[in-house]
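Okay, structure first, notes after.
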Amino acid sequence: MTKIARLDEYKNMLRSRVIALIDCNNFYVSCERVFDASIQTRPVIVLSNNDGCVVARSNEVKKLGVKMGQPVFEIENLIKTHNIHVFSSNYSLYADMSNRVMTVLAQFSPTLEAYSIDEAFLDLTDLNIPDLTLFGKEVKAKVLKFTGIPVSVGIATSKTLTKIASEIVKKNPEYEGVLDLSFCSDELIDECLSKVEISDVWGIGPQYTKFLTGYGITSARDLKNANENWIRRHLTVVGNRTVLELRGVCCIPIATDYPPKKGIGRAKTFGKEVSKHSDLEESVATYISRAAEKLREQGSVATQITVFVRTNSFNKNIPHYSNSISVRIPYPTSFTPDLIKYALSGLKLIYIEGYKYKKAGVYITKIIPEEFIQPDLFGEYSIIEHHRQSRLMLIIDALNRIYGRDTIFFAVQGLKRNWRMRQFRLSNRFTTNIDELLTVK
DNA sequence: TCTGGGGTCCTAGGACCC
DNA sequence: TCTGGGGTCCTAGGACCC
């Protein structure tokens, strides 16, 4: 790239922007409500894997004081006394509903970043929209009409400020779901920022909250006015960016392309504790198979696997053990049988008999695009062999996609799988499985 | 009894090279 | 006895996000 081109790019970055954040309200709860009219106004929660923690709450439940991530057993009484409707996480349903929302949003701007399962940024800079609040209301109405999902819209000149706007929208019904901070006076923005607690600022987590509060920085406004050099020293360049973003300078561009992942992990807490090496082998083989599917999906191969196991760290009464190991694979591959082989060789090295294991996981790293594979001149692994293996995996992936997960799987993944997670309160996969469609009486 | 999972980015420090 | 310094790569660990 020439220096001039670089300069243009830089100027473009500094140009003031108009960005909208569209955020689905209580997304998992809203998904469940789309398919059950009887719970529209009832308290609803959705649980994490193994039905362990609360990961989504309806407004009624938030008012009862239930916290994000709170363990279910702590609120069993509340659930009974307030007749809270409880669901296990139904990721097939949520992922499909998310796709529908994104499809609707894509009609409003050519520049869309699907930031998470329930949030998207839209770049509105060059669209010359005369009334941004009206625009926000249109977006909101259309998403609701086409998907049944209610959303909030925050509009501002940086991503961090759109997050702030959307926070304010959710706490203040009088905004009717849309707040535009992009053409506000500085005084008005300052007033908004002073009402936002430091811990609610995007990019400020528990550690930084503790640190900043210790220095009297307790609101978004305090952070906006903080000394940049001091922030950079203690919160690194990431914190520095947050400060600039609060000042309305867009430093975090909208990402419309999705680069291949650098690490792909799968880890789960077991439904019940296991001790046998064979049970751990089944789980590790299953996790690595899933991770390998993801690896192939993005057209990559890898040369390293990390395997870890751990006992239940919450239980102080049993001996605790936690260990991990990284295994190098001598050639880049995405071939499930090989990945299983190396993962299990790692597991063998860290498995100790006698412990009750509660969790295991794998992490694939040193990922490169498939095209970058260097043919091995002397070794047993040839490019021809790679193509043969790729074709086999292609067919297996296709069969599992069409006929359902685990239509074909490897024997070492096991049949009983008594470590599998608990999901007692799962709703139907209404939109992705023909046998689970909604029945209208 | 029961406590989630899947990611990203940044920095410090060690190994190694010339 | 005296024993450089700068650059790069890699990894582990720590912060954050939803």
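Letters A, B, ... are given to chains in the order of the sequence lines, protein chains preceding strands, and every chain is numbered from 1.
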Worksheet item: Quick one: I264(A) CD1 to dG5(B) P, roughly how many Å, whole number?
Response: 18 Å
Worksheet, complete the sentence: Rounded to whole Å, the CE-C1' distance (M68(A) to dT3(B)) equals 14 Å
Worksheet entry | Gap between atom CG of L105(A) and atom SG of C24(A) - 0.5 Å precision | 7.5 Å
Worksheet item: Choosing from dG7(B), dC2(B), dC18(C), which nucleotide comes nearest the side chain of F73(A)?
Response: dC2(B)
Fill in: Minimum-distance nucleotide (side-chain atoms of Y208(A) versus dA15(C), dC18(C), dG4(B))
dA15(C)
Worksheet item: Would you say a side-chain N or O of R232(A) is under 4.0 Å from OP1 or OP2 of dC10(B)?
Response: no
Worksheet entry | Whole-angstrom distance between dT3(C) and dC17(B), as gauged at atom P | 23 Å
Item to complete: Name the closest nucleotide to the V237(A) side chain, picking from dT11(B), dG5(B), dT8(B).
Response: dT11(B)
Discussion item. Using the ring centroid of each side chain, check whether F108(A) and F135(A) are separated by less than 6.0 Å.
Written reply: yes
Fill in: Comparing T236(A) and P71(A) on DNA chain B - which has the more 5′ nearest nucleotide
P71(A)
Worksheet, complete the sentence: Between CG of N26(A) and C1' of dC18(C) the distance, given in whole Å, is 14 Å
Worksheet item: How close or far is atom C1' of dT3(B) from atom CD of E76(A), stated in whole angstroms?
Response: 13 Å
Practice prompt. Please work out if I204(A) contacts a base, only the sugar-phosphate, or nothing of the nucleic acid, heavy-atom cut-off 4.0 Å.
Written response: sugar-phosphate
Discussion item. At 4.0 Å (heavy atoms only), tell me whether R328(A) reaches a base, stays on the sugar-phosphate, or touches nothing.
Written reply: sugar-phosphate
Practice prompt. Assess the pair W202(A) and Y115(A): is the distance between their ring centroids shorter than 6.0 Å?
Written response: yes
Worksheet item: Is T269(A) near enough to dG5(B) that one of its side-chain N or O atoms lies under 4.0 angstrom from OP1 or OP2?
Response: yes
Discussion item. I need the F314(A) CZ to H320(A) NE2 distance, nearest 0.5 Å.
Written reply: 10.0 Å
Worksheet entry | Separation of atom CD in E113(A) from atom P in dT8(B), rounded to whole Å | 13 Å
Discussion item. Quick check on dC2(B): is either OP1 or OP2 less than 4.0 Å from any side-chain nitrogen or oxygen of K272(A)?
Written reply: no
Item to complete: Mind checking V46(A) for me? I need base, sugar-phosphate or nothing, with any heavy atom below 4.0 Å counting as a touch.
Response: nothing
Fill in: Closest-nucleotide 5' rank along DNA chain B - winner of G52(A) and A267(A)
G52(A)
Discussion item. On the nucleotide dG7(B), are OP1 or OP2 found under 4.0 Å from the side-chain N or O atoms that K294(A) carries?
Written reply: no
Discussion item. Looking at every heavy atom in both Q298(A) and K261(A), which two are closest together, and how far apart are they?
Written reply: OE1-N, 2.7 Å
Discussion item. What contact category does K359(A) fall into here, base, sugar-phosphate, or nothing, at under 4.0 angstrom with non-hydrogen atoms?
Written reply: sugar-phosphate
Fill in: side chain to side chain contact (heavy atoms under 4.5 Å, CB included) partner of N227(A), the single match among N225(A), I231(A), N229(A)
N229(A)
Worksheet item: For dG6(B), does either OP1 or OP2 sit under 4.0 Å from a side-chain N or O belonging to R290(A)?
Response: no
Practice prompt. Nearest whole angstrom, please: distance from the P of dC17(C) to the CD of Q207(A).
Written response: 11 Å
Worksheet item: Base, sugar-phosphate, or nothing: which does L235(A) touch, judged by heavy atoms less than 4.0 Å apart?
Response: nothing
Practice prompt. Would you mind classifying the nucleic acid contact of K358(A) as base, sugar-phosphate or nothing, using non-hydrogen atoms under 4.0 angstrom?
Written response: sugar-phosphate
Worksheet item: Taking the side chain of Y363(A) as heavy atoms from C-beta outward, which of dC10(B), dT8(B), dT3(B) is closest to it?
Response: dT8(B)
Discussion item. Categorize K163(A) for me: base, sugar-phosphate, or nothing, with a 4.0 angstrom heavy-atom threshold over every strand shown.
Written reply: sugar-phosphate
Practice prompt. Rounded to the nearest angstrom, tell me the gap between atom CG in D118(A) and atom C1' in dC18(C).
Written response: 7 Å
Discussion item. Please classify the nucleic acid contact of D51(A) as base, sugar-phosphate, or nothing, using heavy-atom distances under 4.0 Å.
Written reply: nothing
Worksheet item: Could K159(A) and F121(A) be counted as a cation-pi pair, given that NZ or CZ must be under 6.0 Å from the ring centre and within 45° of the axis?
Response: yes
Worksheet item: For dC18(B), which nucleotide is its Watson-Crick or G-U wobble mate, given both distances must be under 3.5 Å?
Response: dG5(C)
Fill in: Per R266(A) side chain, nearest of listed nucleotides dG7(B), dT3(B), dC16(C)
dG7(B)
Practice prompt. Check every atom of dC18(C), dT11(C), dC10(B) against the side chain of V238(A) and return the nucleotide holding the closest atom.
Written response: dC10(B)
Worksheet, complete the sentence: Separation of dG4(B) atom P from F308(A) atom CZ, nearest Å, is 12 Å
Discussion item. Counting the atoms with a prime plus P, OP1 and OP2 as sugar-phosphate, which does K366(A) contact under 4.0 Å by heavy atoms, base, sugar-phosphate, or nothing?
Written reply: sugar-phosphate
Discussion item. Working to the nearest 0.5 angstrom, can you tell me the gap between S166(A) OG and N25(A) CG?
Written reply: 8.5 Å
Discussion item. Checking contacts here: which listed nucleotide (dC17(C), dG5(B), dG4(B)) is nearest the side-chain heavy atoms of K268(A)?
Written reply: dG5(B)
Item to complete: Remember a base hit wins even if backbone is also touched, and classify G263(A) as base, sugar-phosphate or nothing at under 4.0 Å, heavy atoms.
Response: sugar-phosphate
